[in-house]
Amino acid sequence: MVQNRGYGPAVPPEPTVDHEALLRSHGLQVTAQRLAVLRAVSSGSHSTADNIDKIVRADIGAVSRQAVYDALGTLTEKGLVRRIQPAGSSARYEDRVGDNHHHLICRACGETVDVDCAVGYTPCLTAADDLAYEIDEAEVIYWGRCPECVAATSRATTHQEQPPT
Ligand SMILES: [Zn+2]
Ligand SMILES: [Zn+2]
Ligand SMILES: [Zn+2]
């Protein structure tokens, strides 16, 4: 199985969800741009707007960068797409919405993966004192290093720790 990790433009596969129905159910007009942006977001894993723009162009051709960004903005605003903004990095977009899942981000290579809050419930939405706010999301990003980067570092360290001759 070939994994699309969201790097580089690639023509996305046929959608498994009905994007047209999804747009209509959110009161949005169905346009070629919006469909292409939805396809691009769901084909990648936490893609940047730049990457989505490249995928959309590879997919439907003549479309301005502004049109892609506008469509992405509308979809995010309407809740079809979730935008995450890791500190010091470009915003990332995904189509897994409404479940308050969190993210693991590798400091070394930037790989971003989903991690569930907790099975069956979302404890971090229950603030110690919510000050009467109606809370619907807790933004949690776990920063660290992915297994590949840890392995690469430990290989380098092992090498360095060889006794001097
Ligand atoms: Zn990494
Ligand atoms: Zn995610
Ligand atoms: Zn949580």
Side-chain angles (χ1 to χ4, degrees), residues 1-10 12-19 22-23 25-26 28 34-56 59 68-69 71-161:
M1 195 180 104
V2 179
Q3 257 195 311
N4 182 349
R5 302 176 74 168
Y7 304 126
E14 284 303 304
T16 49
V17 289
D18 188 344
H19 286 147
L22 193 64
L23 286 169
S25 71
H26 284 79
L28 289 168
R34 284 173 184 166
L35 288 174
V37 169
L38 274 176
R39 276 199 298 275
V41 171
S42 46
S43 72
S45 164
H46 310 99
S47 307
T48 60
D50 209 45
N51 202 249
I52 289 162
D53 181 52
K54 290 192 181 80
I55 297 169
V56 169
D59 189 9
V68 172
Y69 277 56
L72 199 51
T74 304
L75 297 174
T76 306
E77 198 182 307
K78 294 284 182 180
L80 282 76
V81 167
R82 179 171 168 195
R83 178 183 191 273
I84 58 165
Q85 176 64 75
S89 146
S90 306
R92 310 287 187 117
Y93 297 86
E94 65 183 337
D95 68 345
R96 185 178 161 187
V97 298
D99 66 352
N100 194 60
H101 75 271
H102 306 316
H103 296 97
L104 279 165
I105 303 179
C106 176
R107 290 185 192 279
C109 70
E111 182 175 60
T112 304
V113 296
D114 289 337
V115 56
D116 289 333
C117 182
V119 179
Y121 69 118
T122 52
C124 65
L125 286 180
T126 311
D129 181 356
D130 62 14
L131 302 169
Y133 277 52
E134 189 182 280
I135 298 171
D136 58 39
E137 184 178 324
E139 199 173 275
V140 178
I141 296 179
Y142 301 98
W143 292 91
R145 289 184 304 150
C146 73
E148 285 82 4
C149 290
V150 170
T153 314
S154 65
R155 273 196 299 277
T157 309
T158 309
H159 187 70
Q160 280 162 11
E161 282 173 356

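Everything numeric here is computed off the predicted structure, so don't read it as measured data. Each ligand, and each atom within it, is numbered from 1 in the order the structure gives.
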* Got a second to check how far Glu139's CD is from Asn100's CG, nearest 0.5 Å? -> 10.0 Å

* Structure fact -> Per residue His101, nearest N, O or S atom to the Zn ion (ligand 2) is named NE2

* Using the Zn ion (ligand 1) as the apex, give the angle to atoms SG (Cys149) and SG (Cys106), rounded to 10 degrees. => 110°

* Structure fact -> Rounded to the nearest 0.5 angstrom, the CG-NE2 distance for Asp116 and His102 is 9.0 Å

* For the Zn ion (ligand 2), does an N/O/S atom of His102 lie at less than 2.8 Å? -> no

* Asked: Given SG of Cys146 on one side and SG of Cys109 on the other, what angle do they make at the Zn ion (ligand 1), to 10°?
  -> 110°

* Which N, O or S atom name in Glu94 marks its closest approach to the Zn ion (ligand 2)? -> OE1

* To do: Among Arg92, Glu94, Arg96, find the residue that satisfies the side chain to side chain donor-acceptor pair (under 3.5 Å) test when tested with His46.
  => Glu94

* To do: Please lay out, stage by stage, how Arg145 and Thr153 fare under the test side-chain hydrogen bond (donor to acceptor under 3.5 Å, both in side chains).
  => CA-CA 10 Å; Arg145 289 184 304 150; Thr153 314; 2.7 Å; yes

* Asked: How far does CG of Leu28 sit from CZ of Arg34, to the nearest 0.5 angstrom?
  -> 5.0 Å

* To do: Report, rounded to 10°, the angle at the Zn ion (ligand 2) between the two atoms OD1 (Asp114) and NE2 (His46).
  => 80°

